[in-house]
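Counting starts at 1 for both ligands and their atoms, following the listed order.
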Amino acid sequence: MRRRKTAVAAACCLALLLGTLLNVLFVPGSELPPPPPPPRDGAPPSPPGAPLEPPEEEGGGGRAALARQLRERYEEVLRYRQPRAAGARRAVRPRERRLMDLAPARTSAEQQPRGRAAAERGRASAELGLEPPPLGCRELRAAGGVQYLGSGYTKAVYKAVLNRSLAVALKAVDFGGHDVARCVRQFAALADCYRLAAYKIVKEMVLLQRLRHANVLQLYGYCYQDSNDIPDTLTAITELGSPLEMIQLLQTSWEDRFRICLSLVRLLHYLAHSPLGSVTLLDFRPRQFVIVDGELKVTDLDDASIEESSCTSNSDCFMEFPARNFTLPCSVEGRCQNMNEKRNLYNAYRFFFTYLLPHSAPPSLRPLLDKIVNATGELHWGIDETAAQLERVLNLYKSGEYLQNTTRISKSEYRRVPEAFIPDENYRCWPSYHHKGCLLSVFDVNEAIEICDSYSQCKAFVLTNQTTWTGRQLVFFKAASNHIMPDPDKITYVKVTD
Ligand SMILES: Nc1ncnc2c1ncn2[C@@H]1O[C@H](COP(=O)(O)OP(=O)(O)OP(=O)(O)O)[C@@H](O)[C@H]1O
Ligand SMILES: *[C@@H]1O[C@H](CO)[C@@H](O)[C@H](O)[C@H]1NC(C)=O
Ligand SMILES: *[C@@H]1O[C@H](CO)[C@@H](O)[C@H](O)[C@H]1NC(C)=O
Ligand SMILES: *[C@@H]1O[C@H](CO)[C@@H](O)[C@H](O)[C@H]1NC(C)=O
Ligand SMILES: *[C@@H]1O[C@H](CO)[C@@H](O)[C@H](O)[C@H]1NC(C)=O
Ligand SMILES: *[C@@H]1O[C@H](CO)[C@@H](O)[C@H](O)[C@H]1NC(C)=O
């Protein structure tokens with residue numbers, strides 16, 4: 001244990017992060033005690049963590065306010081859980097409360113018989129409506145290669161390798177983060193402030209579990225363990241992604257940028273029709289998403305909401321954005337119609353579509369893409385229509401139909417050299433799939449000819465056997481054809497007239 005801590009400490013030299021990291025990992029604890037207990041009415045008992053500072057603003061009412069916030073978060077999480085059999089729900093709740101309050105006195109996992117740990121894991125999972133996770137504390141304690149990835153207001157995120165093979169993301173409350181710091185300043189109750197923040201992770205885990213979709217990050221498991229000051233610190237184990245860097249995305253091919261928009265639209269379509277109802281992402285900044293194998297996935301769900309605003313008139317259904325305001329119709333049932341869906345759509349427009357969709361698209365697709373951008377920016381379409389239109393663009397692109405109306409008269413003639421390639425003679429183009437050469441995707445050899453015709457440097461090109469996510473073929477464009485080498489998987493075309 002000691003050696004491991006030392007190794008981690010050496011690897012992670014940011015002293016500020018160390019406290020959190022050690023809380024996340026390698027602290028012996030129970031395999032899976034229940035989730036943080038809910039608050040009782042009134043002031044909670046004194047927390048084990050000694051107050052750091054006297055309360056700032058709220059005098060005697062401070063503790064009650066904190067207890068109320070804890071209760072609200074707890075009840076929110078219960079709303080997202082797997083529903084029980086109809087009618088059983090109300091009856092189940094008080095019993096679960098007791099279960100969570102009466103957290104069993106725990107010994108270290110090492111002393112705990114396997115069977116008992118497994119039973120507790122199952123019970124804690126049931127309380128949250130979570131399925132028993134494939135990964136838990138045991139895997140976490142054997143984690144290697146821990147690296148800090150990033151943090152926001154509430155959470156710190158680490159990369160780790162579990163089981164020597166699976167790279168995962170670990171999410172834990174950031175003790176040095178804005179959320180905990182502000183709460184401790186106000187209430188001087190570290191343990192309860194920890195719990196308040198941890199409910200965000202619990203909420204996120206429950207949502208990740210209930211919202212299963214190719215564009216929602218996968219939850220692999222979680223671990224509750226005691227740390228020095230705080231009992232039951234929570235670590236969520238999820239699929240690993242890479243941050244979505246807008247600047248980087250603007251430099252990639254239209255095909256890859258379109259993929260981001262398509263995955264976002266598929267996600268929003270799912271969220272609008274999810275098992276929980278219409279889900280809106282209140283925080284929609286690009287940092288709430290990550291990229292996994294070229295697909296966008298939502299990672300941060302602690303600001304998701306299923307509340308649909310109630311209204312008495314249209315003016316209650318006001319949505320304010322920095323550059324634009326909207327007023328949605330108030331339905332006869334007294335709900336703002338499709339507000340969750342439309343908020344997501346406008347955010348998709350302003351953070352993603354305007355930057356990623358039209359720019360350097362195939363010219364024949366531009367009118368359709370401009371229409372999509374305009375219709376989402378005006379909120380003329382709902383998510384169903386938007387998703388259908390993006391799928392249509394995908395079909396036009398994949399099938400090569402988008403090329404049909406272009407007149408294709410080649411200016412040059414090309415000599416086909418089968419089973420051959422040109423190793424060097426690269427030139428650079430933009431946006432290339434290869435940083436040294438000009439590597440682009442084409443629908444067929446005719447499109448490659450068209451591209452080579454339009455570049456004055458292009459004197460030859462090499463069809464490879466590699467394809468992109470849409471099934472298009474990758475082609476190297478070359479500045480000369482002086483050295484041609486045999487290669488059974490490639491076909492070279494050399495310009496013979498100019
Ligand atoms: N699964 C993941 N793989 C890789 N990086 C991730 C993953 N999840 C989160 N991150 C990175 O960690 C950062 C913080 O994570 P997250 O957004 O969940 O924390 P937060 O405290 O809720 O942040 P915020 O204050 O922005 O809501 C993110 O900006 C993201 O770049
Ligand atoms: C860990 O890896 C081993 C072999 O690499 C595999 O058999 C086992 O199923 C893995 N365990 C988990 C929990 O993934
Ligand atoms: C949106 O509404 C707010 C509040 O009424 C107002 O201050 C702002 O000017 C409006 N913005 C636009 C772009 O109309
Ligand atoms: C949509 O198109 C109309 C008409 O051309 C234009 O006035 C409007 O500004 C466009 N809206 C957006 C959000 O691009
Ligand atoms: C190609 O032209 C036909 C007939 O003019 C039209 O119906 C079709 O939509 C066009 N396709 C594209 C991709 O522009
Ligand atoms: C391309 O060719 C290489 C070398 O023969 C082969 O290993 C690879 O599987 C091929 N890839 C595809 C996608 O066919």
*Take Glu307 and Arg79 through the test salt bridge (Lys or Arg N to Asp or Glu O under 4.0 Å) and record every step on the way to the result.*
CA-CA 11 Å; Glu307 266 24 276; Arg79 284 201 296 279; 3.6 Å; yes
*Between CZ on residue Arg259 and CG on residue Leu296, distance to nearest 0.5 Å*: 11.0 Å
*In terms of atom number and element, which parts of ligand 3 are under 4.0 angstrom from non-hydrogen atoms of Ala323?*
13 (C)
*Taking side chain as C-beta onward, heavy atoms only, is Met319 less than 4.5 Å from Tyr346?*
no
*Enumerate the atoms of ligand 3 whose separation from the nearest heavy atom of Phe318 is less than 4.0 angstrom.*
2 (O)
*May I ask you to check whether Tyr349 has an N/O atom sitting below 3.5 Å from an N/O atom of ligand 4?*
no
*Side-chain (Arg257) to main-chain (His359) donor-acceptor, under 3.5 angstrom*: yes
*Using a strict cut-off of under 4.0 Å between a residue heavy atom and any atom of ligand 1, list the qualifying protein residues by chain and number.*
Leu149, Gly150, Ser151, Gly152, Tyr153, Thr154, Lys155, Val157, Ala169, Lys171, Leu217, Thr238, Glu239, Leu240, Gly241, Arg285, Arg287, Gln288, Val290, Thr299, Asp300, Asp302
*Take atom 2 (O) of ligand 3 and look for protein heavy atoms under 4.0 Å from it; say yes if you find one, no if not.*
yes
*Do any non-hydrogen protein atoms sit less than 4.0 Å from atom 11 (N) of ligand 4?*
yes
*Do the side chain of Ser253 and the main chain of Asp256 share a donor and acceptor less than 3.5 angstrom apart?*
yes
_Under 3.5 Å donor-acceptor, Lys297 side chain and Ala214 backbone_ = yes
*Check whether any N or O atom of Glu378, backbone or side chain, sits under 3.5 Å from an N or O atom of ligand 4, and answer yes or no.*
yes
*Check: Asn163 main-chain N/O paired with Ser165 side-chain donor or acceptor under 3.5 Å*: yes
*Quick one: nearest non-hydrogen protein atom to atom 7 (O) of ligand 3, plus distance?*
Glu320 OE2, 4.8 Å
*Ring centre gap for Trp254 and Tyr397 strictly below 6.0 Å*: yes
*Nearest neighbour in protein (non-hydrogen) for atom 14 (O) of ligand 3*: Asn325 ND2, 3.3 Å
_Under-4.0 Å heavy-atom contact between protein and atom 5 (O) of ligand 4_ = no
*asked:* Is the distance between the ring centroids of Phe289 and Phe352 under 6.0 Å?
replied: yes
_As an exercise, state the distance from CG of Leu190 to OH of Tyr194, rounded to the nearest 0.5 Å._
10.5 Å
